[in-house]
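Letters A, B, ... mirror the listed sequences (proteins, then strands); counts begin at 1.
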Amino acid sequence: MQFAKALINWYNTHQRDLPWRHSTQAYEIWLSEIMLQQTQVKQALPYYLKFLKHFPTVHDLAKADEDQVLKLWQGLGYYSRARNLHFTAKDISKNYNGSFPTTYKNLLQLKGVGEYTAAAIASFAFNEPKAVVDGNVYRVLSRVFGIDTPINSTEGIKQFKIKANELLDRKNPATYNQAIMEFGAIQCKPKQPNCLFCPFQNICVAFQQSKIEVLPVKLKKTKVKTRYFNYLIIEDERENILLNKRNQKGIWQNLYEFILSDTTKQIDDFPLDKFQYLPKIKSKDIRLLNSTPIKHVLTHRKLFVRFWQVKLSEAFDPQLAEHYEIVKHDQLNDYAVPVLIENFIKQYVLRA
DNA sequence: AAGGCGGGGTG
DNA sequence: CACCCAGCCTT
């Protein structure tokens, strides 16, 4: 309890003013926690405000189209979160009469809600004494108590969860959970933590043994594969553009993009013959828009991307709509697209 | 148990 | 360049 008390003391004088901390509504807590998964506060904040404005209640979110949800989510990444968010909103609206489950155990049943998020909602909205264990908590506990079990090993996950729940202030689970995460985020940071003015300097194993740099221990490194993307932007005489919806599993599922050739090796020309359903295009009518490929890095992919343009002198065959979206030039902004595409559109304003 | 899944920020 | 972020889901 000494640890918890010191932590809460620190929190009372150092905490940031964040909008979701003013709410105890499960809907608002849930929304914030989904957005904050693997995402820093600064990045999630504008999205949180935007979503709450568009969808004040879970019913409003449930009524929306997935395309609209994804469009609002555009740029935040990990788009399965947005799809699960929408699924769960419909689930809550329809099967839970609009009210979120009130216990950790039942919150875990919701799609997109894992152990961390269930503990966060249970403690923040319902005062249930469950310790959150996120990246901040791993870092703080491994350093203060000198735990070098890899945080992403089965053993480590178990061990840190036990430790976190032992330390939890069971009378103030909400404040305690906020406090330990805030402490990890702004004091016990990954790089250059503020050990000089740390309330735990006297007991911190990592500080006393100069192990700040090596704790927490983490296994694994994701292997990054290189891919070559070639996008074909086809425009007809009426300023329509063809978009493809990514339906398969994989990156950017359910987002839109131009016609894509995805290869493991660099190619010279756009491979028109690979596509069954396109208008008749002669390769001499294809123009490369960026001679230097755009480099776009994801967690496990390194993409080199080129954009090609075709302007047709006739209108698209309406039959194309069975395979692609035929989109008016000025409606391009209504579609959820990867940041990569968004950046390109902004840069090369395709003239009308 | 391991791998897939974004985008932005830091040193 | 490597590593991290209020993780979760699938295989």
It should be established whether A:K225 places a side-chain nitrogen or oxygen under 4.0 Å from OP1 or OP2 of nucleotide B:dG4.
yes
| query | Which is true for A:G250 with a 4.0 Å heavy-atom rule: it touches a base, it touches only sugar-phosphate, or it touches nothing? | reply | sugar-phosphate
Counting any heavy atom closer than 4.0 Å, what does A:R21 reach on the DNA or RNA strands: base, sugar-phosphate only, or nothing? base
Whichever of A:E33 and A:G112 has the more 5' nearest nucleotide on DNA chain C, that residue is A:E33
- Query: What nucleic acid atoms does A:T299 come within less than 4.0 Å of, heavy atoms only: base, sugar-phosphate, or nothing?
  - Reply: base
- Is A:K189 touching bases, backbone alone, or none of the nucleic acid, heavy atoms closer than 4.0 Å? nothing
Practice item. Classify the nucleic acid contact of A:V339 as base, sugar-phosphate or nothing, counting any heavy atom under 4.0 Å across all strands shown. Key: sugar-phosphate
Query raised in the report: If you measure from the P atom in C:dT11 to the same atom in B:dG6, how many Å do you get, rounded?
Result: 16 Å
Result for 5'-nearest mapping on DNA chain C, choosing between A:L108 and A:K295, is A:K295
Exercise. Within less than 4.0 Å of OP1 or OP2 of B:dG4, is there a side-chain N or O belonging to A:H300?
Worked result: no
| request: Decide whether a cation-pi geometry holds between A:K163 and A:F145; the criteria are a distance under 6.0 Å from NZ or CZ to the six-membered ring centre and an angle within 45° of the ring axis. | output: yes
In whole angstroms, the gap separating P of B:dC5 from CG of A:L303 amounts to 11 Å
Given the side-chain rings of A:W20 and A:Y48, with only the six-membered ring counted for Trp, is the space between their centroids under 6.0 Å?
yes
Taken to the nearest whole Å, NZ/A:K218 to P/C:dG7 is 10 Å
query = B:dG7 phosphate, OP1 or OP2: any side-chain N/O from A:Y79 under 4.0 angstrom?
reply = yes
Should the ring pair A:F229 and A:Y231 be called parallel, tilted or perpendicular, given that the plane angle runs from 0 to 90° and is split at 30 and 60? perpendicular
Side-chain contact check for A:L18: nearest option of C:dG7, B:dG7, C:dA6 is C:dA6
Review point. Under 4.0 Å between a side-chain N or O of A:Q38 and OP1 or OP2 of C:dG7?
Key: yes
NA contact type, A:E115, heavy-atom cut-off 4.0 Å: base, sugar-phosphate, or nothing? sugar-phosphate
Practice task
Give one of base, sugar-phosphate or nothing for A:W73, where a contact means two heavy atoms less than 4.0 Å apart.
Solution key: nothing
Taken to the nearest whole Å, CG/A:N194 to P/B:dG11 is 13 Å
A:E213 CD to C:dA2 P, in whole Å, measures 18 Å
Quick note, A:E182 side chain, CB onward, closest among C:dA6, B:dG9, C:dC9 is C:dA6
Does A:V137 reach a base, just sugar-phosphate, or nothing at all? Heavy atoms under 4.0 Å.
nothing
Atom CD of A:Q37 and atom P of B:dG7 are separated, to the nearest Å, by 16 Å
Salt bridge flag under 4.0 Å for residues A:E239 and A:K328: no
Can a side chain N or O of A:R301 be found less than 4.0 Å away from OP1 or OP2 on B:dG6? no
Here the distance between atom P of C:dC4 and atom CE of A:M181, to the nearest Å, is 19 Å
Subject >> Ionic contact status for A:K161 with A:E115, cut-off 4.0 Å >> reply: yes
By the 4.0 Å heavy-atom rule, please label A:S32 as base, sugar-phosphate, or nothing.
nothing
Are OP1 or OP2 of B:dG7 and a side-chain N or O of A:W252 less than 4.0 angstrom apart?
-> yes
Counting the atoms with a prime plus P, OP1 and OP2 as sugar-phosphate, which does A:L76 contact under 4.0 Å by heavy atoms, base, sugar-phosphate, or nothing? base
Using atom P in both nucleotides, what's the gap between C:dC9 and B:dG8 to the nearest angstrom?
24 Å
Report task. Indicate whether OP1 or OP2 belonging to B:dG9 is found under 4.0 Å from a side-chain N or O atom of A:Q43. Result -> no
Closest to the 5' end of DNA chain B, once A:E155 and A:K223 are matched to their nearest nucleotides, is A:E155
Please determine if A:K245 and A:D67 form a salt bridge, counting it only when a charged side-chain N lies under 4.0 Å from a carboxylate O. yes
Under the 3.5 Å rule, do the base of B:dG6 and the side chain of A:T39 count as making a donor-acceptor pair? yes
In whole angstroms, the gap separating C1' of C:dG7 from CG of A:N136 amounts to 12 Å
Ranking C:dC4, B:dG9, C:dC1 by distance to the side chain of A:K42, first place goes to B:dG9
To the nearest angstrom, the NZ-P distance between A:K249 and B:dG4 comes to 14 Å
Query raised in the report: Using the P atom in both, what is the distance from C:dA6 to B:dG3, to the nearest Å?
Result: 25 Å
Review point. Should the ring pair A:F200 and A:F183 be called parallel, tilted or perpendicular, given that the plane angle runs from 0 to 90° and is split at 30 and 60?
Key: perpendicular
Practice task
Can you tell me, in whole Å, how much space there is between the C1' of C:dT10 and that of B:dG7?
Solution key: 22 Å
Exercise for the section: Using the six-membered ring wherever Trp is involved, compare the ring planes of A:F304 and A:Y228 and label them parallel, tilted or perpendicular (cut-offs 30° and 60°). Expected result: parallel
